[in-house]
Protein chains: 2
Amino acid sequence: MRPEALKGHLDALILAVVSSGPLHGYAIIEELKQRSGGTLALPEGTVYPALHRLEAAGLLASSWAEKARRRRVYRLTAKGRRELGVRRGEWREFSTVVEAVLA
Amino acid sequence: MRPEALKGHLDALILAVVSSGPLHGYAIIEELKQRSGGTLALPEGTVYPALHRLEAAGLLASSWAEKARRRRVYRLTAKGRRELGVRRGEWREFSTVVEAVLA
DNA sequence: ACTTGACACCTAGCAATGCTAGGTATACGA
DNA sequence: TCGTATACCTAGCATTGCTAGGTGTCAAGT
């Protein structure tokens with residue numbers, strides 16, 4: 001899969017993963033790999049900046065884990081949850097349109 | 001729909017539209033609007049550069065229409081037809097993955 | 001005759017974003 | 001001890017859709 005295919009949709013995927021419960025960055029990468037059956041093996045250089053972007057936008061909030069390894073744990077904010085809903089709707093519309101044109 | 005959603009998928013949409021028969025640029029824009037039920041109202045500044053890109057990549061070929069208005073008519077090359085097949089497959093995979101993660 | 005709008009093409013420069021490639025550091029098993 | 005996995009980070013690049021501007025033709029309305 002070309003990397004460009006993901007553009008504009010990564011944020012929604014991350015929000016969806018974090019909506020199941022707080023996760024740290026590395027675990028988010030693993031979870032994306034898992035849920036996609038291995039297809040979505042995103043490099044850290046893709047995901048970490050995206051997390052910072054989402055936090056700056058107020059859609060995620062983070063804190064350093066007290067124990068164990070140095071981990072920044074992200075959780076969904078109320079705004080992030082609303083945005084996830086919007087993005088899911090947008091995905092519906094987008095995929096419907098693409099299907100219609102490609103068919 | 002955010003414009004970024006389209007990124008990386010526009011080429012496939014254009015190839016699909018042209019695969020039904022040669023069309024000039026403006027008509028391609030109209031056809032995309034039509035097939036998407038009005039959702040895909042793409043500005044010329046998006047489509048024309050994309051057409052040049054696709055022609056430079058050897059996926060489309062063009063010629064000026066002899067009669068009537070000044071029109072550059074695009075048609076699919078053999079390479080373009082193959083690429084369209086690849087892109088359709090890629091879309092399948094991509095949308096499956098997104099569904100799996102968003103669900 | 002003039003004006004408006006649709007048709008039809010083009011491009012420079014911008015903004016967003018995923019990736020490459022590099023860096024740092026800890027923990028654990030061979 | 002040495003490699004591998006875990007875990008974080010960033011600068012700079014390449015791609016790409018869009019904005020905003022430009023040119024010109026043609027038909028219809030006033």
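Just so we're on the same page: letters track the sequence lines, and every chain starts at 1. Excluded from the calculations below are hydrogen atoms, water molecules and symmetry mates; all remaining heavy atoms, backbone and side chain alike, are included.
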query = Going by heavy atoms closer than 4.0 Å, what residues in residues 86-98 of chain B are next to DNA chain C?
reply =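 Close to the strand, none.
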
ask   = Does B/R35 have any side chain to side chain donor-acceptor pair (under 3.5 Å) partners at least two apart in sequence or in another chain, and if so, which?
value =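 Only B/S20, B/E31 meet the side chain to side chain donor-acceptor pair (under 3.5 Å) criterion with B/R35.
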
ask   = Which residues in residues 27-40 of chain A have at least one heavy atom lying under 4.0 Å from any atom of DNA chain D?
value =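 Residues of residues 27-40 of chain A under 4.0 Å from DNA chain D: none.
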
ask   = Which of residues 44-61 of chain A have a heavy atom under 4.0 Å from DNA chain D?
value =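 A/E44, A/G45, A/Y48, A/P49, A/H52 - these, ordered by number, are the residues of the stretch whose heavy atoms sit under 4.0 Å from the strand.
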
Does [X] have any salt bridge (Lys or Arg N to Asp or Glu O under 4.0 Å) partners at least two apart in sequence or in another chain, and if so, which?
X     : value
B/K33 : B/E30
B/E93 : none
A/R72 : none

ask   = What about B/K7: does its side chain form a donor-acceptor pair under 3.5 Å with the base of C/dA16?
value =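 In this structure, the two groups form a donor-acceptor pair.
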
Base D/dT25 paired with B/R69 side chain (donor-acceptor, <3.5 Å) =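 Answer is yes: a donor-acceptor pair is held.
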
inquiry  = Show me the pairs that pass side-chain hydrogen bond (donor to acceptor under 3.5 Å, both in side chains) and involve residues 2-16 of chain B, at least two apart or across chains.
reply    =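 Listed by first then second residue: A/E90-B/R2, B/R2-B/E4, B/D11-B/R53.
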
message = D/dG17, OP1 or OP2 - any side-chain N/O from B/R2 closer than 4.0 Å?
response =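 No, because none of the side-chain N or O atoms of B/R2 sits under 4.0 Å from OP1 or OP2 of D/dG17.
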
Extract all donor-acceptor atom pairs below 3.5 Å that involve side chains of residues 96-103 of chain B and protein atoms in other chains or at least two apart in sequence.
| unit_1 | atom_1 | unit_2 | atom_2 | d |
| --- | --- | --- | --- | --- |
| B/T96 | OG1 | B/R92 | O | 2.7 |
| B/E99 | OE1 | A/R92 | NH1 | 3.4 |
| B/E99 | OE1 | A/R92 | NH2 | 3.2 |
| B/E99 | OE2 | A/W91 | NE1 | 3.1 |
| B/E99 | OE2 | A/R92 | NH1 | 3.2 |

inquiry  = I'd like to check the side-chain contact (heavy atoms from CB on, under 4.5 Å) partners of A/R69; sequence neighbours left out, ordered by chain and number.
reply    =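 Residues passing side-chain contact (heavy atoms from CB on, under 4.5 Å) with A/R69: A/R71.
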
Qualifying residues under side-chain contact (heavy atoms from CB on, under 4.5 Å), relative to A/A57, sequence neighbours excluded =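 Once residues adjacent in sequence are excluded, the partners of A/A57 under the side-chain contact (heavy atoms from CB on, under 4.5 Å) criterion are A/L59.
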
What pairs of donor and acceptor atoms, side-chain ones from residues 40-50 of chain A against any protein atom, are under 3.5 angstrom apart with sequence neighbours left out?
none

Backbone N/O of B/A61 and side chain of B/T77: donor-acceptor pair under 3.5 Å =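 Not at all, since once roles are kept as given, no pair shorter than 3.5 Å links the two residues.
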
message = Between A/K79 and A/E83 (salt bridge meaning N to carboxylate O under 4.0 Å), is one present in this structure?
response =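 Not counted as a salt bridge, because no side-chain N and carboxylate O are separated by less than 4.0 Å.
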
request  = Please determine, for the side chain of A/Y26, which listed nucleotide (D/dG17, D/dC8, C/dC9) has the closest atom?
outcome  =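 Within the option list, the nearest is D/dC8.
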
query = Out of D/dC9, D/dT19, D/dA5, which has the shortest distance to the side chain of A/R72?
reply =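 In terms of side-chain proximity for A/R72, the closest of D/dC9, D/dT19, D/dA5 is D/dC9.
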
